[in-house]
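Not measured: the values here are computed from a predicted model.
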Amino acid sequence: MARAKKTEYKVKQQIVYPSQGVGTITEIFEREFNGEKVSYYKIYLEVSDMVVMVPVSHAKDLGIRAIVDAEEATKALDVLGEDFEPITSDWKLRYQMNLDLLKDGTIEGIAKIVRCLYNRSKVKELPIQERKLYDSAKKLLEDELSIALGKELSEIEALIHEKLEPPGAVPKIKHQVIQDDDDDDVFDMEDDSTKDRDDDDDDDEDEEEQEESLERRAEEESEFDDEDDDYD
């Protein structure tokens with residue numbers, strides 16, 4: 001493979017590939033494509049233990065960027081502890097909004113995803129897709145902060161948790177979250193409770209019929225006994 005021309009990033013440089021994770025550029029090379037020489041980054045992604053090749057010209061479009069400095073990393077960490085307006089309770093819309101933030105790739109945007117979904121999970125369990133998005137964003141944030149601040153992952157995890165759950169702090173959401181997406185659950189609960197009441201009513205009616213049947217049978221047996229006595 002031919003060596004590529006000068007590029008924005010260098011071999012052995014750690015970068016952020018928003019949709020994939022933090023990676024290390026292991027090689028920069030050129031390959032002929034449609035009669036033209038195209039430069040590629042070969043990137044090793046530790047989180048998934050795989051190698052991807054990205055055209056240098058498309059790197060920016062994919063959100064690939066350098067690791068932030070310590071000052072910007074600290075600001076992103078502080079974002080986790082800030083108050084914020086409640087995001088929509090429509091999980092599909094919320095998922096798309098956060099996915100757009102992830103694709104944008106800024107460390108501040110990634111921190112906002114973690115803050116949003118962490119606090120939402122305190123209200124109601126996240127759908128599977130949102131849970132995966134939260135886990136991916138949190139891991140990406142942890143890895144970049146660890147490199148930018150020169151701290152072990154365990155220290156970063158503790159710092160993130162402290163920002164999200166400061167001791168004795170009140171919830172960070174400024175206003176009550178309106179849970180529109182819980183309406184179906186409420187209706188289901190009402191239907192179940194109504195069904196339970198109907199079942200109870202049916203059970204009561206069955207019991208009453210059984211009691212009346214027993215009473216009638218007892219009366220008939222009593223009358224039959226009286227007739228036998230008269231016959232004797």
- Message: With rounding to the nearest 0.5 angstrom, report the CG to CG distance, L133 to N98.
- Response: 6.0 Å
- From L80 atom CG to C116 atom SG, the distance as rounded to the nearest 0.5 Å: 12.0 Å
- Item | Pair D49, Y44: side-chain N/O donor-acceptor within cut-off below 3.5 Å | yes
- With side chain to side chain contact (heavy atoms under 4.5 Å, CB included) as the test, would you mind laying out the steps for I113 and L102 before giving the verdict? CA-CA 8 Å; I113 296 172; L102 183 63; 3.8 Å; yes
- May I ask you to say whether E165 pairs ionically with K122, meaning some side-chain N is under 4.0 Å from a carboxylate O? yes
- Hey, does L101 have a side-chain heavy atom less than 4.5 Å from the side chain of I110? no
- Message: To the closest 0.5 Å, what do you measure between CD (Q13) and OG1 (T7)?
- Response: 8.5 Å
- Task: Begin from the C-alpha positions of V22 and E46 and carry the test side chain to side chain contact (heavy atoms under 4.5 Å, CB included) through to its verdict.
- Result: CA-CA 7 Å; V22 170; E46 184 177 0; over 6 Å; no
- Query: Measuring from L141:CG to S136:OG, what's the distance to the nearest 0.5 Å?
  - Reply: 12.5 Å
- Residue pair G21 / L45: nearest heavy atoms and the distance that separates them: O-CD2, 3.9 Å
- Shortest non-hydrogen contact between V68 and A148, atoms and distance: O-CB, 3.4 Å
- Donor-acceptor under 3.5 Å (T26 side chain, I43 main chain): no
- Task: Could you walk me through whether E142 and I160 pass side chain to side chain contact (heavy atoms under 4.5 Å, CB included), step by step?
- Result: CA-CA 8 Å; E142 289 171 350; I160 288 176; 3.5 Å; yes
- Paired with E144, the side chain to side chain donor-acceptor pair (under 3.5 Å) test is passed by just one of K139, R65, Q14, namely R65
- Is the CD atom of E162 crowded by more than 12 outside heavy atoms at less than 6.0 Å? no
- Validation row: K75, V79 side chains within 4.5 angstrom (heavy atoms): no
- Note on the structure: Between the NZ atom in K124 and the OG atom in S89, the distance rounded to the nearest 0.5 Å is 9.0 Å
- Item | Test side chain to side chain contact (heavy atoms under 4.5 Å, CB included) applied to L159 and L145, step by step | CA-CA 10 Å; L159 285 172; L145 289 176; over 6 Å; no
- Message: Testing the basics here: between G105 and P18, what is the closest heavy-atom pair and its distance to 0.1 Å?
- Response: CA-CG, 3.5 Å
- Query: Quick one: are R115 and E82 in side-chain contact, heavy atoms under 4.5 Å?
  - Reply: yes
- Task: Compare all side-chain heavy atoms of K42 with those of I25 and state whether any distance is below 4.5 angstrom.
- Result: no
- Task: Mark yes or no for whether D104, through its side chain, and D100, through its backbone, hold a donor-acceptor pair below 3.5 Å.
- Result: no
- Task: Quick one: do E130 and R94 satisfy salt bridge (charged side-chain N to carboxylate O under 4.0 Å, His left out)? Show the steps, please.
- Result: CA-CA 9 Å; E130 276 200 305; R94 185 174 63 236; 2.7 Å; yes
- Taking C-beta and beyond as the side chain, do R31 and M53 meet within less than 4.5 Å on heavy atoms? yes
- Query: Distance from D143 atom CG to I156 atom CD1, nearest 0.5 Å?
  - Reply: 10.0 Å
- Any side-chain heavy atom of I15 within less than 4.5 Å of one from Y17? yes
- What's the shortest heavy-atom distance between Y9 and I64, and which atoms? OH-O, 3.3 Å
- Message: Hydrogens and angles aside, do Y41 and E27 bring a side-chain donor and acceptor to less than 3.5 Å of each other?
- Response: no
- Task: Report yes or no: do V54 and M50 belong to one cluster of Ile/Leu/Val/Met/Phe/Trp/Tyr joined by side chain heavy-atom distances under 4.5 Å?
- Result: yes
- Message: Is any side-chain heavy atom of Q96 closer than 4.5 Å to one of L99?
- Response: yes
